[in-house]
Protein chains: 2
Amino acid sequence: MEKDTTARLLDAAEYRMRRGGYNSVSFRDLASDTDIKSSSVHYHYPKKEDLGVALIDRYAERFFDALMVASSKAQTPKEKLYAFRKVYRGALYEDKAVCLCGLLGAEMAGLPPALVDGVTSFFEANVKWVSDALPDDLSKAEKYKRASTLVAAHQGAMMMANSSDDNKLFDTVTEFLISNTLGQD
Amino acid sequence: MEKDTTARLLDAAEYRMRRGGYNSVSFRDLASDTDIKSSSVHYHYPKKEDLGVALIDRYAERFFDALMVASSKAQTPKEKLYAFRKVYRGALYEDKAVCLCGLLGAEMAGLPPALVDGVTSFFEANVKWVSDALPDDLSKAEKYKRASTLVAAHQGAMMMANSSDDNKLFDTVTEFLISNTLGQD
DNA sequence: GATCCCCTATCTATTGATAGATTAAAGCTT
DNA sequence: AAGCTTTAATCTATCAATAGATAGGGGATC
């Protein structure tokens, strides 16, 4: 089965947005990417904001789906955190781009209001997932602290790897941090 | 002495760019911010790329100046890293925005070539500074690893604090990481 | 008088967005 | 089955607004 138009539009929009940001995506670019006219893009997503919301929704859903798959056999906290890392790593290596929400999170103040919530929840859900992956005996506050640190470092490492064109930086940082964060009780 | 036009232009451009990214800044916006005409903005910065380069240069210079000041009395690695943190923290709390290079680093693929180098060097210099601040007895590789992690986490924490409108997240993450990174030999 | 700085005026390209025609398929009615 | 209606998805054509950029004029200062 072929991909329908909305899927192809979202693919094109995600590709562009994860490289140049929200304002680097235009309806005409998407139109030429998908071989339709820009007015037809508006048929699927009347406002750019609508497109943005759909993009974030799809991205988040795909991210957490991938996270479930990657962590399905994980038992220990360590295994779960490596699953988390693996999903981030895939986004960087396979898509050759930073996290959509990481980029939009930086541009937050310039985004239409409807997008802000999606980005915020993405990170909340990230932190929650990592918190739940950490050892049970840690306090809630301690879990929050470590989970936030892990998510922040993954995002930062992604951005730095991207901007220095050196993906190994991501590997180095996240590997170090996971072993280190778990290394002490 | 009043600020000259270029300084006011860079102020306005930095304000906007650190909130909405490179493509959210327009010559007309800057013109109205500084009460001149957009053609006069072109007098100072003929191309947008020129403006971008000047912005990054000034930002980097100011950053490392602030770092020198903040670390002038620092003796121990721990004190130096807290100075590093303090400068990042100031950028977040006082400017109420993310790091210019952090945002541009994410948008890298959509930037004019001339800007790319500036952003890359900013991070290289960051990592180098932190490396030099770490204890002497660590290997070069170990220093690189920890320095990259610290810089990445500061950037990521800044972005997450910004996008969740909760600056304390930055404090929590960076405090945890500095004490933790130094805590083990 | 040359230089610096800003102006008016204008150009072309691109932006997000809309109106209205067209086409084809799907569903109903008789 | 044939004819009619509706819906979905695309098109052409066009807007007004905004983008980056340039040409050339005017006043101030050195």
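Chain A is the first sequence line, chain B the second, and so forth, proteins listed ahead of strands; every chain is numbered from 1.
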If I take atom CG in residue Asn23(A) and atom P in nucleotide dT18(D), what distance separates them, rounded to the nearest angstrom? 14 Å
Output the rounded distance in Å from CG (Asp50(B)) to P (dG20(D)). 13 Å
Reckon Tyr43(A) has a side-chain N or O less than 4.0 Å from the OP1 or OP2 of dA9(D)? yes
Ser148(A) and its side-chain contact (heavy atoms from CB on, under 4.5 Å) partner, picked from Asn126(A), Val127(A), Val130(A): Val127(A)
Are Glu14(B) and Arg62(B) close enough for a salt bridge, meaning some N to O gap below 4.0 Å? yes
To the nearest angstrom, how far is His42(A) atom NE2 from dC11(D) atom C1'? 14 Å
Look at the side-chain N and O atoms of Lys48(A) and state whether any lies under 4.0 Å from the OP1 or OP2 oxygen of dG16(C). yes
Tell me: CZ of Arg28(B) to C1' of dT14(C), nearest whole Å? 12 Å
Please determine whether a side-chain nitrogen or oxygen atom of Thr5(A) lies at a distance below 4.0 Å from atom OP1 or OP2 of dT10(D). yes
Electrostatic pair Asp33(A):Arg16(A) at N-O distance under 4.0 angstrom: yes
Strictly distance-based, threshold 3.5 Å: is any side-chain N or O of Arg18(A) a donor or acceptor partner for the main-chain N or O of Lys96(A)? no
Using atom CG of Asp29(A) as one end and atom P of dA17(C) as the other, report the distance to the nearest whole Å. 15 Å
Looking at every strand, decide which applies to Val41(A) at a 4.0 Å heavy-atom threshold: base, sugar-phosphate, or nothing. nothing
Tyr45(A) OH to dT10(D) P: how many Å, rounded? 12 Å
Give a yes/no on whether any side-chain N or O of Ser26(B) is located under 4.0 angstrom from OP1 or OP2 of dA19(D). yes
Would you say a side-chain N or O of Lys47(A) is under 4.0 Å from OP1 or OP2 of dT18(C)? yes
Parallel, tilted or perpendicular, as decided by the 30° and 60° cut-offs, for the rings of Phe63(A) and Tyr88(A): perpendicular
Atom pair distance, as rounded to whole Å: CZ in Arg8(B) and C1' in dC5(C): 12 Å
OP1 or OP2 of dC7(C) under 4.0 Å from side-chain N/O of Ser40(B): yes
Would you kindly check whether a donor in the side chain of Ser39(A) faces an acceptor in the base of dT10(D), or vice versa, at under 3.5 angstrom? no
Using whole Å, what does the distance between atom P of nucleotide dC6(C) and atom CG of Asp35(B) come to? 12 Å
